[in-house]
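Lettering of chains follows the sequences in order, A, B, ..., and the numbering in each one begins at 1. Just so we're clear, the structure is a prediction, and the values are computed from it rather than from any experiment.
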Amino acid sequence: MRLSRFFLPLLRETPSEAQIVSHRLMLRAGMIRQEAAGIYAWLPLGFRVLKKIEQIVREEMNRAGAIEILMPTLQPSDLWKETGRYDAYGPEMLRIRDRHDRELLYGPTNEDMVTEIFRAYVKSYKALPLNLYHTQWKFRDEVRPRFGVMRGREFLMKDAYSFDLDAAGARRSYNRMYVAYLRAFSRMGLKTIPMRAETGPIGGDLSHEFIVLAETGESGVFCHRDLLDMPVPDETVDFDGDLEPIVRQRTELYAATEDVHDAARFEREVPEDKRVSARGIEVGQVFYFGTKYSVPMKALVTGPDGKDVPVEGGSYGIGVSRLVGAIIEASHDDAGIIWPAAVAPFDIALINLKSGDAKTDAACDDLYAKLTAAGKDVLYDDTNERPGAKFAGMDLIGLPTQIVIGPHGLEKGLVEVKSRATGAKEEMSLEAALKRLATS
RNA sequence: CGGAGAGUAGCUCAGCCUGGUAGAGCACCACGUUAGGGACGUGGGGGCCGGAGGUUCGAAUCCUCGCUCUCCGACCA
């Protein structure tokens, strides 16, 4: 993409409404525009990152055996009345009436609807286990939206719903999502720690929040240091096999957010030099809820013994739009964003230091064409800005690799390749740069 | 939902107290000089001063009431 043809409204100054670093950087990098409190338009750069994150989540959901669907944003109130949540949810739920005065709501989540879909078609245990997921915009009318996309009212969320015949099966489904989450976040360059979470009236130990450690995190967290560097299962992990050892390895170490923190237990179970007390951002949650929805909604399946039983359910959310902010919180410096390669909006920044100069233009155009042909996503700054402005702009938007081409270097046959993350610069020939970047 | 604050150019803000034809820097357009870490000069465009009512000969400025946004706290992927 040529920058001269792209839409990238960078801001030199920080808009006054932005308090935390990810919000500031997203506004300055032209990723989002606020349209109302907690409601954002996604501009091209931000949209690219959002789609990359969504795709990683999709791939890991699919790998774990979940099946993608798409449910609507607007839902009829009837479903929610069946489960009693229409009254229970409160003013956070955006309620709407259509022209026929029918009650609708903008979905804050989809348990009720997915259970309706399930009960309409699935009658036999033979169809189980089943896990249906979608990635859809949600709306929760937060009293006080803030922190940009980290806590908006409208947000993009992947939510998966598992259905099993019994609690043992539900636990296996839970474990599959747990491991899929470890993999998905890791692929985005995030280090996440699953922490015990509120389980509500169901009880048990089957709810975890996946937390990214960041100074600006909303909640205080406490965990065992060994959890920070525990290896994540690679893509060969067998989701049909027994995942319990992987889950147990983590869950047997102390990890809790401040809501459920037990200081005495923390001190008893974790040696002093292993105690981590930090702040974190929740980017996902896995939750087993049993028959909470299947009983009121009569979502029954016939078991091998011929008896009908309410299906055992769990739900599993990932805050896709929140992740954009969370990744920036975890990966930036004074100059701007530092994208992990897997979610970067472009792979390479190509900076033409003197557009209009025939030799420089020719070298840049040629490299741009070759890198693109090699399958690389290149943002080519072919504008007339001065070098300093170009450097600052590219540092701000944080593409992993920058390649800088100018007349001085070309006289010596050299271009500069810079790593955004380390700042390391290396001079090399055009051919060497092409080879390095096209294959990395 | 309690408390606090802010709405003036695309962005950051001044002007308001003490009413008299709306400003700066950056950004934008034109021309020129420039060119390896956010250049400089000259010229130019851009505002129902958030809205409605009121006071006044005259309101960005004073008064009243909504609206919107932000921040602190209680609540949430």
Side-chain angles (χ1 to χ4, degrees), chain A residues 9-20 23-24 27-28 30 33-39 53 57 89-93 107-110 135-160 181 185 192 197-198 207-212 218-219 257 259 280-287 315-326 334-336 351-357 360 381 383-396 402-412 414-416 418 423 425 427:
Chain A
L10 301 182
L11 301 179
R12 191 156 167 178
E13 289 174 271
T14 302
S16 54
E17 75 260 23
Q19 294 302 306
I20 64 167
H23 191 194
R24 277 206 303 272
L27 290 168
R28 286 196 55 213
R33 172 157 184 89
Q34 179 166 323
E35 297 296 346
I39 299 178
I53 292 170
V57 172
Y89 221 92
E92 257 197 358
M93 183 152 76
T109 176
N110 286 71
T135 303
Q136 178 61 287
W137 291 93
K138 309 281 192 295
F139 194 91
R140 290 181 195 168
D141 200 356
E142 299 278 348
V143 197
R144 192 184 159 209
R146 57 184 134 170
F147 304 146
V149 300
M150 299 268 285
R151 191 163 156 198
R153 291 193 292 171
E154 188 183 48
F155 55 97
L156 187 63
M157 178 175 170
K158 185 285 305 176
D159 40 326
Y181 276 31
F185 295 130
T192 53
E198 292 278 7
S207 182
H208 289 89
E209 291 179 352
F210 285 70
I211 301 286
V212 176
E218 284 201 79
S219 37
T257 60
D259 304 336
I281 302 165
E282 183 191 349
V283 291
Q285 178 162 19
V286 290
F287 191 79
S315 63
Y316 315 90
I318 288 181
V320 174
S321 48
R322 168 180 282 191
L323 272 165
V324 180
D334 289 344
I351 299 178
N352 182 333
L353 282 183
K354 193 170 183 180
S355 59
D357 177 80
T360 309
D381 188 346
T383 65
N384 237 338
E385 287 297 314
R386 298 173 61 82
K390 294 190 174 194
F391 292 135
M394 285 302 191
D395 283 350
L396 174 61
Q402 297 173 7
I403 175 161
V404 181
I405 301 184
H408 297 175
L410 283 178
E411 276 175 28
K412 295 177 282 183
L414 297 174
V415 301
E416 183 181 281
K418 175 182 151 182
K425 300 173 186 171
E427 289 203 313

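B:rA39 and B:rU33 make up a base pair, with Watson-Crick or G-U wobble contacts both under 3.5 Å. Taking a pair to require two hydrogen-bonding distances under 3.5 Å in either a Watson-Crick or a G-U wobble arrangement, B:rC76 remains unpaired. Nucleotide B:rC67 has B:rG7 as its partner under the Watson-Crick or G-U criteria, with both atom distances under 3.5 Å. Shown here, B:rG23 forms a base pair with B:rC13; the pair counts as Watson-Crick or G-U wobble because both key distances fall under 3.5 Å.
B:rG36 and B:rC48 have their C1' atoms separated by 47 Å, with the value rounded to a whole Å. One C1' atom belongs to B:rA60, the other to B:rG44, and the distance between them is 25 Å to the nearest Å. The gap from the C1' atom of B:rG51 to that of B:rC13 amounts to 23 Å, rounded to the nearest Å.
Looking at the side chain of A:P15, the nearest of the listed nucleotides B:rC69, B:rG38, B:rU12 is B:rU12.
Between the CZ atom of A:R386 and the P atom of B:rG36 there is a distance of 6 Å, rounded to whole Å. Rounding to whole angstrom units, CG of residue A:L27 and P of B:rU70 are separated by 11 Å. Rounding to whole angstrom units, CD of residue A:E385 and P of B:rC28 are separated by 6 Å.
At a threshold of 4.0 angstrom between heavy atoms, the contacts of A:R33 with the nucleic acid are absent. Within 4.0 Å (heavy atoms only), A:G152 reaches at least one base atom of the nucleic acid. As judged by a 4.0 angstrom heavy-atom cut-off over every strand, A:L353 is placed among the base-contacting residues. A:D159 comes within 4.0 angstrom of nothing in the nucleic acid, heavy atoms only. The residue A:P407 sits close to a base: some heavy atom pair falls under 4.0 Å. Counting non-hydrogen atoms under 4.0 angstrom, A:V320 reaches nothing in the nucleic acid. Residue contacts shown for A:E416 include a base, since a base heavy atom lies under 4.0 Å away.
A close approach under 4.0 Å does occur between a side-chain nitrogen or oxygen of A:Q34 and OP1 or OP2 of B:rU70. For A:S16 and B:rC13, the shortest distance from a side-chain N or O to OP1 or OP2 is below 4.0 Å.
Remark: A:E427 engages A:L414 in a side chain to side chain contact (heavy atoms under 4.5 Å, CB included) (not counting sequence neighbours).
For B:rG7, the base has no donor-acceptor partner in the side chain of A:E17 [N/O atoms by modelled type, under 3.5 angstrom]. Residue side chain A:R151 reaches the base of B:rC75 through a donor-acceptor N/O pair under 3.5 Å, judged by distance alone.
With a 4.5 Å cut-off on side-chain heavy atoms, A:D381 and A:F391 do not count as touching.
Nucleotide B:rG5 is shown with an anti base, its glycosidic torsion being more than 90° from 0.
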